[in-house]
Amino acid sequence: MALQKPKGTQDILPGKVEAWQYVEQVARDLFADYAVKEVRTPIFEHYEVVCRVGDSTDIVQKEMYDFYDKGDRHITLRPEGTSPVVRAYVEHKLFGNDFLKPYKTYYIGPMFRYERPQAGRLRQFHQIGVEMFGSENPATDVEGISMALEYFSRLGIKDLKLVINTLGDKDSRLRYREALIAYLEPLQDKMSEDSKRRLYQNPLRVLDSKEPEDKEIVANAPSILDYLNEESAAHFAEVKAMLEELNIDYIIDTNMVRGLDYYNHTIFEIMSDSKAFDGKLTTVCAGGRYNGLVEELGGPEVPSFGFASGVERILLTLEAENIELPIDDSLDVYIVGIGQEVNVETLKLALALRHQGYKVERDYLNRKPKAQFKTANKMNARFVLTLGLDELEKQEINLKNMNTGEQKTVPLASIYEDFNALYMEMMEEA
Ligand code: ATP
Ligand code: MG
């Protein structure tokens, strides 16, 4: 039986991978402009890095790819990027005086969640994420949000909605939690099973339940905004004021919470209503402030802000919106060799041209010239060099501009010496 890839995974083949490389490159360029440096952490971690005591979210409870390794260590494939990066931040004491403050990092890589696969939902998926440590300044929240928005605008994606909310600080959230439980308790008979279970564990999660019966109930739930203490309210007010200052449109959704428990203060999502997701609004980027996480993972108290975006969903959105990506998969030169006698010379030529910095391919199958030209076209070759025994004996070669059809015979040595001169000459003539 032929084996197939595991459920919920994808092979990203040549032809598709160029789009991946493009969205990754746009991200890398963007992060360079924002002075954010890359970090690479392992794709597996000790289970406890991701699953912290009291965390009752779906990601941690149901979606983990965890296992015991041969040394009986409890290991999990990382389901997200933040806690591994925080673990590294603490482990390497990046909060120390030798390091920049805020310490700004980004990651690009695979994440793993045991979910029911569907459009834009996989078991191995990829995230591009940013984490910024050591700034309490609301300007950092706004910088994070605008960085994420700028990423999508650089990709040419429009029709996005920015949704924000605040979860307040610990104290505000605790008071809100009590009020929410008091409101939900008498209604629990009408709630979904999941929400009943969450009522005391994580009542804020009930707020973003997708079940219709829950939605009806939470529509009249008390709002977190009425439970913010002065400090939390001031932080949120400043975030909003700065967004307005930057002319960034936003919607406040007080029922929005996040899938991970470590957030506080500002949280945000960027939603797309692209056709890619069957008309359902889908989150393409999400994040927020997490001031307590560094401490929870054994570091000092370090206010932090981050976000992550799903690459698969970005690509689906680009596709659905017919956005043409500036991908250059052309070849500079294809070398047509006629007959086994020129096999060594075409090998030398190909290597010499690549050494001069050109993208070059040649025939290896001793095919007829016509078939080789077909390949040259398929590969979008700008130029074709043709070498047969005749030319080889005369130490000449035929050079053809594939766009204009112009051809000329040139000394073989001129290719080795300075192909660029010939190349420029023929491009100019065109
Ligand atoms: P959702 O509500 O869609 O499950 P989430 O809250 O679990 O999302 P986050 O943990 O915030 O998502 O991850 C950030 C981004 O990563 C999401 O907005 C989405 O673009 C992407 N993402 C999350 N889970 C998956 C998945 N299983 N497959 C593909 N992309 C995903
Ligand atoms: Mg999820």
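One-based numbering, in listed order, for ligands and for the atoms of each. Position 1 is the first residue of the sequence; numbering continues from there. Below, all heavy atoms of this structure are taken into account, side chains as well, without hydrogens, waters or symmetry copies.
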Which of these, [options], has its nearest heavy atom closest to [atom]?
atom	options	value
atom 3 (O) of ligand 1	Arg121, Met111, Arg113, Glu115	Arg121
atom 19 (C) of ligand 1	Glu269, Arg313, Met271	Arg313
atom 20 (O) of ligand 1	Gly81, Gly310, Ala119	Gly310

Which ligand 1 atoms, with their elements, are less than 4.0 angstrom from a heavy-atom of [X]?
X	answer
Leu122	26 (C), 27 (N), 28 (N), 29 (C)
Ala286	11 (O)
Thr283	18 (O), 19 (C), 20 (O)
Gly120	28 (N), 29 (C), 30 (N)

Answer yes or no for Arg123 and Tyr114: cation-pi contact, defined as NZ/CZ to six-membered ring centre under 6.0 Å and angle to ring axis within 45°.
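Output yes; distance and angle both within limits.
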Do [X] and [Y] sit within salt-bridge range, that is, some charged N less than 4.0 Å from a carboxylate O?
X	Y	value
Asp141	Arg289	yes
Arg154	Asp33	yes
Lys196	Glu193	yes

More than 12 heavy atoms of other residues, nucleotides or ligands under 6.0 Å from NZ of Lys37: is that the case?
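No.
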What part of Glu80, side chain from CB on, backbone N/CA/C/O, both or neither, has a heavy atom under 4.0 Å from ligand 1?
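Glu80 to ligand 1: no contact under 4.0 Å from either part.
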Pick one of side chain, backbone, both or neither for how Thr282 approaches ligand 1, counting any non-hydrogen atom pair under 4.0 Å.
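Contact part for Thr282 vs ligand 1: neither.
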Under 3.5 Å: donor-acceptor pair, side chain of Glu45, backbone of Thr76:
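No, Glu45 side chain to Thr76 backbone: no donor-acceptor pair under 3.5 Å.
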Please confirm whether the backbone N or O of Leu122 pairs with a side-chain atom of Lys7, one donor and one acceptor, at under 3.5 Å?
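It does not hold such a pair.
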